[in-house]
Amino acid sequence: MIAQTIQLSLAPVFVLVAIGNIMNILTTRLGRIVDRSRHLQQLHAETTGVAHDAVVVEMRYVDRRIQLIGRALLLLVLSGLGIGVTVGSLFFNQITGIAHLGDVTATTFFIAIALLMVALIYLLLETRLVASTLRLPPEFLELERKDL
């Protein structure tokens, strides 16, 4: 019976591995954003006029990105905890034989997956924000050139 419980716990554990990988991606992105925010803080003190305004606008985008990634990371941690409770309840149910723990297991797994999906939506929003702010000016694309 314990072997069957181990087999049942493999799917949630694979989800936990995926959560860890996504968290790794997000923390890397967050590190880059923090580095950029430090650079912008220096520019903020050194610029005036239109250049200063551009720095402030970019700082607002950077701040929004930090918020989105922070929320995504929080949801991923909660999702990981939910997966841990799911696996724990599987084994606790096996050991104690308490029948109604199946409902707890299903509920915690559902909540963990829902949290994971919302975290992925935050990741999508953050990447969309980056894409919208990093458009290349048309003059750099030299679209009038037909020889390329």
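All of these numbers come straight from a predicted model, not from anything done at the bench.
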Hey, what do you get for [atom1] ([X]) to [atom2] ([Y]), rounding to the nearest 0.5 Å?
X: T48; Y: D53; atom1: OG1; atom2: CG; result: 9.5 Å
X: L16; Y: L81; atom1: CG; atom2: CG; result: 9.0 Å
X: L124; Y: L68; atom1: CG; atom2: CG; result: 10.0 Å
X: R64; Y: E126; atom1: CZ; atom2: CD; result: 10.5 Å
X: S89; Y: Q94; atom1: OG; atom2: CD; result: 12.0 Å

Which atom names give the shortest non-hydrogen contact between A72 and Y122, and what distance separates them?
->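 Scanning both residues completely, I find the closest heavy atoms to be CB-CB, 3.7 Å.
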[Y] and [X], any side-chain heavy atoms less than 4.5 Å apart:
X: L30; Y: L26; result: no
X: I66; Y: I69; result: no
X: R29; Y: T127; result: yes

Give a yes or no on whether the backbone of H44 and the side-chain of H52 come within a donor-acceptor separation of less than 3.5 Å.
-> yes
Are any side-chain N or O atoms of S79 and backbone N or O atoms of L76, one a donor and one an acceptor, separated by less than 3.5 Å?
->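 The answer is no, because no donor-acceptor pair under 3.5 Å joins these two groups.
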Among T107, T105, T108, which residue meets the side-chain hydrogen bond (donor to acceptor under 3.5 Å, both in side chains) test with T86?
->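 So, applying the side-chain hydrogen bond (donor to acceptor under 3.5 Å, both in side chains) to T86 and each of T107, T105, T108, only T108 qualifies.
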More than 12 heavy atoms of other residues, nucleotides or ligands under 6.0 Å from CZ of F91: is that the case?
->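 Yes, enclosed.
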Test side-chain contact (heavy atoms from CB on, under 4.5 Å) applied to I19 and V15, N21, V17, the passing residue | V15
Could you give the side-chain donor-acceptor pairs of residues 55-62 under 3.5 Å, partners two or more places apart or in another chain?
from	atom 1	to	atom 2	distance (Å)
E58	OE1	R36	NH2	2.9
E58	OE2	R36	NE	2.7
E58	OE2	R36	NH2	2.9

